Amino acid sequence: VKHDHDRTLELAATALDWRLTPVEATELNAAIRTCASCRGAASTLASTNGGLSPVSVEPPRHVDVAVRRSVLLGRRRFSGAALLLAGVLATVALLGGAMGVAAPSVQTVRNGPPVVPALASATPRPESARQGSDEPRGSNRLDVGGVAVWSGPGRVALRTEPGHDQGSTTEAGVQPGQRVAVAAGPEVLGGVDWYLVTLGTTRGWLPASDAVGQSRLRAVRNGVVSVVDPGTSSVVSVDRSGGVSWRVDAAGVTDAAWSRDGRFLALAVPGSVTGRAAIRLVGTTGEDVGVVAEDVAVEPWLDWGAGLLAAVTDEGGGSILVVSPVDPSLRYVAGAGSSPSWSPVAGRLAFLSSREGGRYGLSVMRADGANPTTLVDGGLPLQRPAWSPDGSRLAILAGDGASRCRICLIVARSGEVVPLTTEFGGTPTWSPDGRSVAFVASGGALHGQLLVAGLDGVSREVSIPGTDIRQPEWSPDGRYLAFTALVDGRRQLGIVQPDGSDLQWLWVGLDELGSVSWQPTADPAAAQSPGA
Amino acid sequence: LIAARPLDVDESAATVPVPSLAVPKGDRTTRHSDYVLAVWEQHRASLYGFAVRVTRNPTVAEDLVQDAFLRLLREVQRSGPPNDPRSWLMRVLANLGVSRARRASVAERLGPRLVNRETGESPEMRIIRKEHGAVLDAALARLGRDERVVLLLAASGFSGREIASAIGRSEGATRTLLCRSRVKVHRLLGEDDG
């Protein structure tokens, strides 16, 4: 009987898993009866099936420990607000599952490869993987209340009215890569969406695209939250559901910081010289990008500017090293100092310059070390400067009784000191909209609690059911704060809205947890526009 | 011959042994985690083996297994233990394996990873290679992740319909995928022989 061997093979394969139709069964049986070759093929197919039988592999001990701990801690994690989240997840799973035996939720699975493009950056971007965002994608609509990044070719002034021909320009402007808070919009004028944005205390209108429709203002979204987890000698990156997106093994890592374009995570890892650190970059899925600096200070205090990374070296008793992640020739030792903080306006760096008696001055210089100018000269024991997102001022710790503030604002143009709060606190971190500063109180009744100080001088406590809060970090969209806290004796990574709502615990450390850094990502629809 | 095997798509997961796990008494949260830990105790080797075969990457397998057990805990807290926890977990692992593969495929091509990253063949992969034959293992390695997942699920006793539901595809698409995978393995083994 003349028949198609391939067809028989397909039918024989299908018959291993599905009931054939009567016509197919007849066809298969006829072929097997009459053709030795088909019979042989069907028989090996069946034996291959047997060869695939399940294999047991005893998991390594650290996996056993990790699963037990997460299950044991998981029962504590699902209380209060988190129970609500679990309920929502469960409902999604129920809706997505089959009847009867609950199937794994299909809804929580991402379909198709995620595309998380880089934000605007001053440096050329290499081809690299982009992963990690949990946010909805596919639209370039900016969210009112969210954060957007300007990705035009140069500085643009905010306008008093929407439209290029309306109103006038304001003094304030944005540079490529700079963030603004979206306050209202869009107003459509001439086919261009205009948004009312705030830049620190200034308000004005910006177009979302240029004359040829290329996107200029892109929504900033939240990517993964990366946390240094010494208990597992790794840096873990978790998404908003607490699932591990990826992790990198890195023993002895002391700091982790996402670049402002969300493409590189800088890690301070033990260097080749004992007692020194190296700076290693990994990409958006944890892939190794390479070492950009060897032999920096043990705790190099990483700070990313637009495409450049500053760190402290031990050279000359503490110098600031500036490196580029993509261009090895871009490398400066930019003068003696510590605690570098990049201005959001490209190319300027604030740092603490050493003075006598453990006191510091606050200075500003260009990225290559040129034009150093002193803003505050040694009058205060200063620590940890942090430049505001609009570039107008710096928040800084000023730690003795003589000053009017414990966290002070220093006006970048004049060096004038303006009190922010009289609470003692840890490293101040600016919200992306530049209107509040988060810090952890130290000393006093609120010791170890997270506070958010508004520019109006009012500090509010963010209520978190945990103690000894550390590492506060704003989400790139400004809606959440990430932090670590001790809960039931374990250090956990959590996120919470500044008003204390929507608390979620994302990760439990085996012992301590270190630095926290939240990856920014951009709206992909915009980035896929031509030439973006 | 082939058709002699009962292939009723309505068959229950009878080929999968149903464990005799009862939810222990006690404080609700404690007994939920005790139950999940008992499942872990009983099935960790087969589930980890499954995850390693699906991902072919022990590090990824570790994450999947941990994630799957946390999901089991949530499931138990929400609506009690599933009828067959092992089979439930395998579905979750398969589903996670396929979805992670989509996210991680780029990452897998890039590499090498950081310090301590294993570069040679891991002990887990060696065990698998030893246990089910280097030739079959090599053939499996040349399949796509989706293709491998459906074959491994089928080998673990899932019916075609159950696999379709586990990987979130239509029965028609799953039938095609399974058939294509089986024929592909068959051909790869044939290439090896000849």
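Order of the sequence lines fixes the chain letters, A, B, ..., with proteins taken first and strands second; residue numbering starts at 1 for each chain. Nothing here was measured: the structure is a model prediction, and the numbers come from that model.
Looking only at side-chain heavy atoms (C-beta outward), A:V67 and B:V65 come within less than 4.5 Å of each other. No side-chain heavy atom of A:S56 sits less than 4.5 Å from a side-chain heavy atom of B:Y48.
Using a 4.0 Å cut-off between a side-chain N of Lys or Arg and a carboxylate O of Asp or Glu, A:D6 and B:R187 qualify as a salt bridge. Salt bridge B:E62/A:R247: absent, no basic N to carboxylate O contact under 4.0 Å. A salt bridge links A:E58 to B:R44: one of the charged nitrogens lies within less than 4.0 Å of a carboxylate oxygen.
Both the backbone and the side chain of B:T174 come within contact range of chain A, each with at least one heavy atom under 4.5 Å from a heavy atom of that chain.
Of all heavy-atom pairs between A:E24 and B:R175, the closest is OE2-NH2, 2.9 Å. Nearest heavy atom pair, residue B:V183 against residue A:E10, reads CG2-CA, 4.3 Å. For the pair A:W507 and B:Q66, the tightest heavy-atom approach, listed with the atom from each and the gap, is CH2-NE2, 4.4 Å.
Between the side chains of A:D64 and B:W40, a donor-acceptor pair is found at a separation under 3.5 Å.
We find the CG-OG1 distance between B:L178 and A:T14 to be 8.5 Å, quoted to the nearest 0.5 Å. If you take CG on A:L16 and CG on B:L151, they are separated by 10.0 Å, rounding to the nearest 0.5 Å. For the atom pair CH2 (A:W18) and CD (B:E171), the distance works out to 4.5 Å, reported to the nearest 0.5 Å.
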- Message: I'd like to know whether A:R68 forms a side-chain contact (heavy atoms from CB on, under 4.5 Å) with B:E41, so could you lay out the CA-CA distance, the side-chain angles of the two residues, the decisive distance to 0.1 Å, and finally the verdict.
- Response: CA-CA 10 Å; A:R68 285 172 194 282; B:E41 205 56 64; 2.5 Å; yes
- Message: I'd like to know whether A:L9 forms a side-chain contact (heavy atoms from CB on, under 4.5 Å) with B:R182, so could you lay out the CA-CA distance, the side-chain angles of the two residues, the decisive distance to 0.1 Å, and finally the verdict.
- Response: CA-CA 9 Å; A:L9 194 62; B:R182 288 195 182 284; over 6 Å; no
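Chain A forms more heavy-atom pairs under 4.5 Å with one residue of B:A51, B:A68, B:A61, B:C179 than with any other, namely B:C179.
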